[in-house]
Undergrad: 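Just dropping this structure here.
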Amino acid sequence: MARRNEGDYVKLLRMRGSAPRVAVVGHVEWVEFALVDEMPWPGEIVPTREVFAEAAGGGAVAAVQLARLAGESVLVTALGEDDLGRRAKARLEQLGVHVRAAYRSQPTSRALTLVDGREGERTIVTIGERLEPSGSDAELGWGDLADMDAVYFTAGDVAALRAARAAAKLLASPRAQSALGHGVALDALVGSRADSGEMRQAMGVRGEAAALVHTNGEHGGSYELAGDRRAPPRTWEATAPPGPTVDSYGCGDSFAAALTYGLGCGWELSRALSLAARAGAACVTGRGPYERQLRFSGAERPL
C-alpha cells in the first residue's frame with residue numbers, strides 16, 4: 001500500500017462510496033509468537049515448532065480486520081520512537097491500515113504469545129507499558145473522527161474516548177479501562193466471558209452501553225440491551241470455523257471489528273453479530289491474527 005498524506009485520510013475513505021468509514025482508537029504491540037506442542041508446566045522446558053513476529057495487539061488486529069471488510073481503515077494509536085514502532089507502522093500500512101500515531105519516548109509495547117499446537121489456544125505475556133493515544137495529542141486530528149460511521153476503542157484516555165464519541169457509532173473493549181466509567185455513552189461494549197478481568201470491568205460500566213456483548217468462543221455468546229436489562233440475556237450461535245482450529249489469537253478482536261463494521265453499515269445488532277461470529281470463526285483457522293481473517297471485496301461486500 002502506497003504511503004498517503006495523513007491529512008487526506010477522511011477524503012480517501014469517502015471516495016470508496018458504499019463502504020462505511022471505520023476507525024480504531026487503540027493500542028499496538030509487537031508480538032512474538034511461539035508455537036509449542038503443549039503448554040509448559042511450572043519449571044518445565046518445552047521446545048518451539050515455529051516462531052514469528054507480527055504487529056498486533058487489540059487495536060492493530062481490529063484495524064486490519066476492518067480494512068479487510070471495508071477496504072480501508074484508520075488506526076489512531078501511540079508508538080515508541082524506536083525500530084519496533086517504525087516496523088509496526090510499516091507492517092500495518094502494508095495490511096491496508098492508515099496509521100496515525102503519536103510517538104512516545106518509551107519503547108513500543110511488546111508481548112510474547114504461546115500457541116498450543118494441539119488446541120490452538122493462546123497464552124499472552126505482555127512486556128512493558130502499554131502505549132495509548134491521548135486526547136491531548138493534537139497531531140492525531142481527533143476532530144476527523146466525527147466523519148466516521150463507526151469507531152472501535154481499545155485504549156486511550158477519557159478525552160480520546162470523548163473525541164471518538166463524535167462518530168455515528170462507538171464501540172469499546174473493557175480493556176479501555178480508565179477511559180470508561182466517565183459517562184461517555186457507548187453503542188456497544190464488547191468483552192470475553194472467558195476473561196474475568198474484562199467481565200469485571202464490563203459489569204462496572206454496563207450502564208454506559210446501549211448493548212453489552214459477551215463472547216463465549218465456540219459456544220457463541222450473549223448480549224443485553226440497556227432498555228431490557230430485566231429480561232434474560234439474548235444469545236447467538238457460534239459459526240463453525242471454515243477449517244481446522246489453528247490459533248485463537250485475534251479472534252475476539254476480529255469479532256469486535258466485524259461488529260463495528262456491521263453497526264457502521266446501519267445494520268440491526270443481530271445481523272451485525274452474525275457477521276462478527278463469522279469473522280471470529282475465520283480468524284481461528286489461520287496462524288497468527290491475519291492469515292485467515294474474513295475478507296470482502298467489491299460485490300461480495302454485504303451492504
Side-chain angles (χ1 to χ4, degrees), residues 26-62 64-65 79-80 82-85 87-88 91-92 95 106-132 154-155 173-177 190-202 214-221 238-257 279-293:
H27 62 293
V28 175
E29 293 161 348
W30 188 260
V31 182
E32 294 184 62
F33 293 85
L35 177 65
V36 296
D37 288 327
E38 58 182 1
M39 289 297 179
W41 292 95
E44 187 179 17
I45 297 174
V46 297
T48 60
R49 283 202 277 138
E50 180 183 354
V51 178
F52 63 96
E54 189 63 272
V61 173
V64 174
Q65 178 64 91
L79 297 169
D82 55 13
D83 181 61
L84 290 183
R87 289 168 66 186
R91 174 58 172 155
L92 292 172
L95 292 167
Q106 301 99 311
T108 297
S109 307
R110 297 167 53 214
L112 172 64
T113 296
L114 296 182
V115 180
D116 186 331
R118 301 168 304 173
E119 304 292 333
E121 188 55 73
R122 88 291 185 270
T123 300
I124 303 170
V125 178
T126 59
I127 304 169
E129 178 185 354
R130 185 173 80 165
L131 302 184
E132 302 184 352
T154 74
S173 164
R175 285 174 289 177
Q177 299 174 346
V190 189
S192 169
R193 188 169 293 282
D195 188 318
S196 59
E198 284 194 0
M199 287 294 292
R200 285 194 301 271
Q201 182 75 11
H214 298 308
T215 63
N216 197 19
E218 63 184 11
H219 303 294
T239 297
T245 295
V246 174
D247 184 350
S248 64
Y249 185 96
C251 295
D253 297 307
S254 296
F255 176 100
C283 185
V284 79
T285 64
R287 179 72 64 226
Y290 307 131
E291 186 176 68
R292 294 292 176 84
Q293 276 184 322

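Index from 1, following the sequence. Keep in mind the model is a prediction, meaning the values are calculated, not measured.
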Undergrad: Which residue is it: Phe33, Trp30, Tyr249? I am looking for the one with a ring-ring contact (aromatic ring centres under 6.0 Å, His included) to Phe52.
TA: Phe33
Undergrad: Determine, for Arg200 against Glu198, whether the closest basic-nitrogen to carboxylate-oxygen distance falls under 4.0 angstrom.
TA: no
Undergrad: Is there side-chain contact between Glu121 and Val115, with at least one heavy-atom pair below 4.5 Å?
TA: no
Undergrad: Between Arg122 and Asp247 (salt bridge meaning N to carboxylate O under 4.0 Å), is one present in this structure?
TA: no
Undergrad: So, do Ser254 and Val61 sit near enough that their side-chain heavy atoms are less than 4.5 Å apart?
TA: yes
Undergrad: May I ask you to check whether over 12 heavy atoms, not counting those of Glu291, lie within 6.0 Å of atom CD?
TA: yes
Undergrad: How long is the straight-line distance from CG of Asp195 back to OG1 of Thr215, given to the nearest 0.5 Å?
TA: 9.0 Å
Undergrad: Can you spot which of Glu132, Arg130, His27, Gln177 makes a side chain to side chain contact (heavy atoms under 4.5 Å, CB included) with Thr154?
TA: His27
Undergrad: Do the side chains of Arg287 and Glu50 get close enough for a salt bridge, i.e. N-O under 4.0 angstrom?
TA: yes
Undergrad: Would you say the side chain of Leu35 lies within less than 4.5 Å of the side chain of Val51, judging by non-hydrogen atoms?
TA: no
Undergrad: Does the distance from a Lys or Arg side-chain N to an Asp or Glu carboxylate O, for Arg175 and Asp253, drop under 4.0 Å?
TA: yes
Undergrad: Taking Arg110 first and then Glu32, would you say they form a salt bridge - that is, a charged N and a carboxylate O separated by under 4.0 Å?
TA: yes
Undergrad: Do Leu131 and Gln106 make a side-chain contact, defined as non-hydrogen atoms from C-beta onward lying under 4.5 Å apart?
TA: yes
